[in-house]
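Structure record follows, encoded as structure tokens.
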Amino acid sequence: METTIEKTKKLTGSKAMIQALEQEMTIDDSIFIMGEDVGKYGGIFGSTTGLYSMFGKERVMDTPISETGFIGAAIGAAAEGLRPVVELMFVDFHGVAMDQIYNHMAKIQYMSGGRVKLPIVLMTAVGGGYSDAAQHSQTLYASFGHLPGLKVVAPTFPYDIKGMLISAIRDDNPVIFMFHKTLQGLGWMDQLEASLGEVPENAYAIPLNRAKVVKQGKDITIVGAQMMTVEALKAAEELAKKGIDAEVIDLRSIKPIDKETILKSVAKTHHLLVVDEDYLSYGITAEISAIVASEGFNSLNAPIGRLAIPDVPIPYSRVMEKFVIPNSEKIVEAVLKIVTV
Amino acid sequence: METTIEKTKKLTGSKAMIQALEQEMTIDDSIFIMGEDVGKYGGIFGSTTGLYSMFGKERVMDTPISETGFIGAAIGAAAEGLRPVVELMFVDFHGVAMDQIYNHMAKIQYMSGGRVKLPIVLMTAVGGGYSDAAQHSQTLYASFGHLPGLKVVAPTFPYDIKGMLISAIRDDNPVIFMFHKTLQGLGWMDQLEASLGEVPENAYAIPLNRAKVVKQGKDITIVGAQMMTVEALKAAEELAKKGIDAEVIDLRSIKPIDKETILKSVAKTHHLLVVDEDYLSYGITAEISAIVASEGFNSLNAPIGRLAIPDVPIPYSRVMEKFVIPNSEKIVEAVLKIVTV
Amino acid sequence: MFINDCGHFLPLQALVILYINFSIMNNIRKKDLLWMYRVMKTSRYFEERMEKAYLEGKQPVFNIGAGPVPGEMHLSNGQEPAAAGMIVHLTKNDTVTATHRPHHEAIAKGVDLKKMTAEIFGKKTGLSKGKGGHMHLFDPNVKFSCGGIVGAGIPHAAGAALANKKRNTNWVAVAFIGDGATNTGAFHESLNLAALWKLPLIVVVEDNSWGISVAKKDSTSVPFNCIRAKSYDINGYYVKKNNPIEMYRDSKEAIDRARNGEGPSIIEIQTDRYLGHFQGDPEFYRNKDEVAALRAKDPIEKLKKKLIKESYITVQELSTIDSLIIKEVDKAYEFAKHSEYPKPEEALGDVFC
Amino acid sequence: MFINDCGHFLPLQALVILYINFSIMNNIRKKDLLWMYRVMKTSRYFEERMEKAYLEGKQPVFNIGAGPVPGEMHLSNGQEPAAAGMIVHLTKNDTVTATHRPHHEAIAKGVDLKKMTAEIFGKKTGLSKGKGGHMHLFDPNVKFSCGGIVGAGIPHAAGAALANKKRNTNWVAVAFIGDGATNTGAFHESLNLAALWKLPLIVVVEDNSWGISVAKKDSTSVPFNCIRAKSYDINGYYVKKNNPIEMYRDSKEAIDRARNGEGPSIIEIQTDRYLGHFQGDPEFYRNKDEVAALRAKDPIEKLKKKLIKESYITVQELSTIDSLIIKEVDKAYEFAKHSEYPKPEEALGDVFC
Ligand SMILES: Cc1ncc(C[n+]2csc(CCOP(=O)(O)OP(=O)(O)O)c2C)c(N)n1
Ligand SMILES: Cc1ncc(C[n+]2csc(CCOP(=O)(O)OP(=O)(O)O)c2C)c(N)n1
Ligand SMILES: [Mg+2]
Ligand SMILES: [Mg+2]
């Protein structure tokens, strides 16, 4: 499925995105990028750096601050056969364009009985942890996952970022591609090991609907996405010291959720903790818990654990922000409650 | 809690809303209504009929088709101490104003450290079942339930509609008040028994955070909201014939969810089916399943059942629409799978 | 006509254009006039039938969900000149987006009438196999789409115009909207984009004086939306008195400009909504006499008279055309009625391709 | 000044107003001029300190999340005349909404400087107990708020204006926005509402030529946003050259009109952004010389010279004012630095009241 790796290079998340875009744009003229500051600036979170000078302003278009206008325009252009890649600078801004996203981009294929195809990638930066407060720190995974007609992905590691962005671009359906700011490997943010990884130089596609076991284990399954995967891996190391062997699943796909991988893991570990950088209620922890409680109930030996932002807006001050966003320590704590039950 | 009933009258859902608004507007000058066609027309779904002639155009204001403008204006007016009741005609239109709703209305109290209060009621019509297709038939309960800072209610019966609308108006926090079109008892829609009920003439308040057991039972707990409560009650009758004694919980409050009532019920019945007129993924069935799988796990004797719109937009044609919206027959079917397991 | 009401926002070439306009009027092709008559009449007859079909199963007690055509139904009787006078200039390659009230444009744009009717009847043979319905008609063959969210089609048309420009075609995109839609954010954002990028977009505003029950003057802070063209430094036109020939002229100019790379325009046409906002609308908010007065100056009847009076066509020929129209529409209804419903489980398909 | 650029959209009273304007200029009160100087200077010094405070803990390696002031930081150095020239006319009862770049307006509106600084430092003593931060400053005591979503404050100001009108006050509401925000749907919807209901709303557009890296000419289809006033049949003004006194005059007129029930206005002011969009902005997109040229015509320095030259004040008095400003701002920073952080679990409070 995931094509054989040939020559690789160590890239950041951001560079992985750029490479995906560059390679696809080179072979397909109908792809173009639209968004705020995607041109000369190269994307506030480095998703398009260099592409403007490579492809010119017709193919890498800066827009006014008119998200309804340009996301709506992407729909119209896609219906005509072009393949727009649109950037919504922060996912937090989705509310000014949500009608276009969920009532049109997501539904036109269905409402047209499959006669209109909308090959659009809506890429958007998610995540907090650097004190950008309530309107610039959200992930909103579930806000998109809830609504039919959208494929929603949130890869963690550069390898997946490149491969899934390529798949998203090649897909004839609208795809919401969420990249986590902290995982872009930007020079002006926290430097994480996870934001750097070996990436094949050739173009390759990773399926948009598959989770990935990123650490094998037998005592408990921890499911996370993006930064929560990173934190879960850190927690797993800590847990190992305590004699608990955690299996960590990187969700990668928010919608559809890869039930198979999760159910298989829980069938083995009999314990489940779901961790989410999104809000608790009606979030990833809800959906995955429900999947397992309805389809993998008999595998479970203990109550399911849920760890997420506790239904409060994200506070500005560092101490409070740290308190609400799950991290490896809280994961360890939560696991100890489940596994020792 | 729910005040003693004095004189009552049989009212439809719509009339119950109007009575709540009339009574509260009479005693509190700072309340005013804003929305499309709330004036002379009286609300497309009869939520404000007669109020325009009673209170005049300063207090029952028709607006242009500018949901961001007038919902945003409600926020500004509320910050100044007024108490706006705003109607978003169909919940399906929320996308054109979602930023105002979720980034401002929901967060300003928090972001201001509690110094700004926003006593706003956003009332909005939800629900399908009459072939209004993909952009006019949604409930979107979870789209609002997911986001912090909003109380979200969806009462079913006229008694609760009046009492919860009064509570919503009196609450100093923003409240999303969802009324189901089919439960309004409108002359031009399906005529349902449930849309007519005894309603006290005096003003009374029903808490915004409590579910209600609307039928006692011992074999399985069925949780629903609005039309799904109605269908669950119908299913319960059918199930009784088959010797299954279902307990039916009317959720009433989408956010916060009344865990206590649900967990208590499941502790008794040991079986759970959640039914939702919203989309399956990341919806009510997810959240309630997760609550029970994490906090009531040991009560459960069988996998949790989930019944909801199967992650497709709502189709127009009656046959297909019927297929995707859960009803009593499907509930019976789903229960039989759980209880006989 | 822009001179009286929106002329002061036009650049100096206004007078030049005025001159050209008059010559167009004189040269208006018989073929075009007859085409306009035909599509207006088709739309009218189609909707008259729809009015009846919609009521089937809804009498004596009206129930919106009952009968062969359930759900909301927005008819455009009286508003036909907007569609006809604009779309006469378009080809299959030009894009049209419409609204919740889409039949007149759909018919003018050449949407397959049988499939469209079948769609409205919720049949498997419909444009979208019954998934869309009356507010969601899509016919990519003729680049037509519409939708139920006010204002939302404008950015789609802007996007089509962008695609047209990117591909170096001279194709245009036209967004038809109601007057109420001019107060949505989508209107403003799309027009700014289109003006900025000089896209071949025309926004046609059908000013029927109402947005459901709210009168235009109670929702729109300017009397004419063509004024708003100034906000984007583009041309604005106002067509008075529901006149299809004036609509023809201004549309021609706006489209020629768009095809020539001169950017977008707004055309507002004063038009008339004969029926309620939707079928079943009690219309407590408007005077019953109002409609009678509107109907008395019906643009189709007027055009008919003009065609005959100015000898474009004989009474005889016209009645042949009329009966052909009736036949075609009747056939579409027959087709729709006799088509099969989709299977329930077909609801699950087409979410993704 | 509206005559040169937006004058042709004004009604005939333009000339009359012009006359009045000149008399206002002659009568501008010393008190007001000094007030304007003081708030501009306070804002400037406040932000110069903030520039440094922000860099603490971010050197040698810049990390947006590090140091005592983490997160984004948008400074308004150079844009002070917009705030000063408008807010000089306001009282505590008038409402101001601002943007992601809010310090100059917050200071002019009289937001508690200590609490504001403490808020930006994430302290418990801050305006919002550390929950809001630099982009989310709320001080209901002086009716000030701001937020991080472009355009979103405009409807809030319209709503405050609606409340003012409903209560029969003569209070006004002013929404400060950037030039980029004029292309949001919120701008259009709010202005239409305000014009329709004749609300006492003024929208001040700070035209600093940029929206992050996108030049105004690449995002806005008209050169001057005051032109867009025409779309709502309201008055539009353009203040040139970052001139606080012109801003004072046009603001006075717009506010007087609003207080008299004559409805909303748009005032656009040509202003200058000295720094990057946010601190840490590499600014590859603009010429480094540009900023030096802007700084050379600094409006605070200009006003200072004028005040002295026209003998409003002596050099001595002015330096006393300056040192008072420094003292006050320094105190605020001391307060902020020495205040305590909130307890982590306080994060859970204040969602509901
Ligand atoms: C965003 C949005 N808000 C409200 C509605 C409800 N609605 C449907 S049609 C309509 C009136 C539209 O008026 P106008 O644009 O003038 O078109 P007309 O119906 O007169 O043809 C309204 C308010 C909607 N569909 N979408
Ligand atoms: C709805 C929305 N879109 C995009 C952004 C990101 N953003 C923040 S400030 C800004 C530029 C604003 O430009 P302008 O309005 O001119 O204000 P300035 O920064 O120049 O003061 C952008 C695009 C946002 N905060 N909100
Ligand atoms: Mg209309
Ligand atoms: Mg700017």
Side-chain angles (χ1 to χ4, degrees), chain A residues 29-30 32 34 57-59 61-84 86 96-97 99-120 147-151 171-175 208-209 255-256, chain C residues 93 95 97 119 124 126-133 135-141 143 145 147-167 169 171 173 175 184-194 196-197 199 201 342 346-347 349-353:
Chain A
D29 272 359
S30 63
F32 70 101
M34 234 190 328
K57 72 178 162 61
E58 299 299 318
R59 294 192 64 196
M61 304 176 72
D62 278 329
T63 63
I65 308 171
S66 309
E67 285 86 355
T68 286
F70 71 77
I71 294 176
I75 296 171
E80 300 283 333
L82 296 185
R83 306 183 76 86
V86 207
V96 298
D99 179 62
Q100 289 297 333
I101 298 169
Y102 103 101
N103 256 339
H104 307 275
M105 191 186 293
K107 290 178 184 164
I108 282 177
Q109 292 194 170
Y110 188 81
M111 295 191 303
S112 71
R115 292 180 71 206
V116 178
K117 291 193 197 338
L118 296 181
I120 302 169
L147 301 162
L150 300 168
K151 298 185 180 182
D171 201 293
D172 277 342
N173 298 287
V175 179
L208 297 176
N209 58 355
K255 177 81 162 282
Chain C
N93 292 323
T95 298
T97 69
E119 183 61 30
K124 195 181 160 66
L127 289 168
S128 308
K129 310 176 212 159
K131 291 200 166 86
M135 275 192 281
H136 313 102
L137 303 171
F138 294 86
D139 193 348
N141 287 346
K143 296 200 185 177
S145 67
I149 305 297
V150 170
I154 317 173
H156 303 167
L162 174 64
N164 293 342
K165 186 168 180 179
K166 279 189 177 300
R167 287 172 160 171
T169 66
W171 305 341
T184 64
F187 173 86
H188 178 66
E189 295 191 3
S190 310
L191 278 164
N192 180 61
L193 266 191
L196 193 69
W197 294 341
L199 304 181
L201 172 73
E346 286 175 38
D350 295 323
V351 182
F352 296 111
C353 57

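No hydrogens, no waters, no symmetry mates; every other heavy atom, side chains included, goes into these values. Below, read A as the first sequence line, B as the second, and so on, with proteins coming before strands; counting in each chain starts at 1.
- With contacts defined as side-chain heavy-atom distances shorter than 4.5 Å, the pair A/P64/C/L196 qualifies.
- Looking at A/F32, the atoms closer than 4.5 Å to chain C (heavy atoms on both sides) all sit in the side chain, from C-beta outward.
- Interface residue A/T63: backbone and side-chain heavy atoms are both found under 4.5 Å from chain C.
- Each of A/E58, A/K151, A/H104, A/E67 has some count of heavy-atom pairs under 4.5 Å with chain C, and the biggest count is that of A/H104.
- No side-chain heavy atom of C/K166 sits under 4.5 Å from any side-chain heavy atom of A/E80.
- Looking at C/E189, its side chain does come within 3.5 Å of a backbone N or O of A/T68 through a donor-acceptor pair.
- Between the CG atom in A/D99 and the OG1 atom in C/T184 there is a gap of 10.0 Å [rounded to 0.5 Å].
- Expressed to the nearest 0.5 Å, how far OG of A/S112 lies from CG of C/L137 amounts to 11.5 Å.
- Although no hydrogens or angles enter the test, the distance criterion places a donor-acceptor pair under 3.5 Å between the side chain of C/K129 and the main chain of A/G113.
- To the nearest 0.5 Å, atoms CE (A/M34) and CG (C/L162) are separated by 6.0 Å.
- A salt bridge links A/R115 to C/D139: at least one charged side-chain nitrogen sits closer than 4.0 Å to a carboxylate oxygen.
- Using a 4.5 Å cut-off between heavy atoms, A/L82 touches chain C through backbone and side chain atoms alike.
- A/L150 touches chain C through its backbone: at least one of N, CA, C or O sits under 4.5 Å from a heavy atom, while the side chain does not.
- Interface remark: A/N103 contributes side-chain atoms only to the contact with chain C (heavy atom separation under 4.5 Å).
- Put simply, of C/H136, C/K131, C/K143, the one with the most heavy-atom pairs under 4.5 Å next to chain A is C/K131.
- Counting only distance, with no hydrogens or angles, the side chain of A/Q100 and the backbone of C/A152 share a donor-acceptor pair below 3.5 Å.
- Taking all atoms of both residues into account, the shortest heavy-atom contact from C/A158 to A/A73 is C-CB, 4.5 Å.
- Here the closest non-hydrogen pair linking C/P155 and A/G69 is CB-O, 3.7 Å.
- With a threshold of 4.5 angstrom between heavy atoms, C/A186 approaches chain A through its backbone and through its side chain.
- Proximity to chain A (any heavy atom under 4.5 Å) is shown, for C/A175, by neither the backbone nor the side chain.
- The residue among A/P174, A/G114, A/A78, A/A77 with the most heavy atom pairs within less than 4.5 Å of chain C is A/A77.
- Contact tally against chain A (heavy-atom pairs below 4.5 Å) for C/G153, C/G159, C/S145, C/G130: the top residue is C/G159.
- A distance of 11.5 Å separates CG of A/L118 from CZ of C/F352, quoted to the nearest 0.5 Å.
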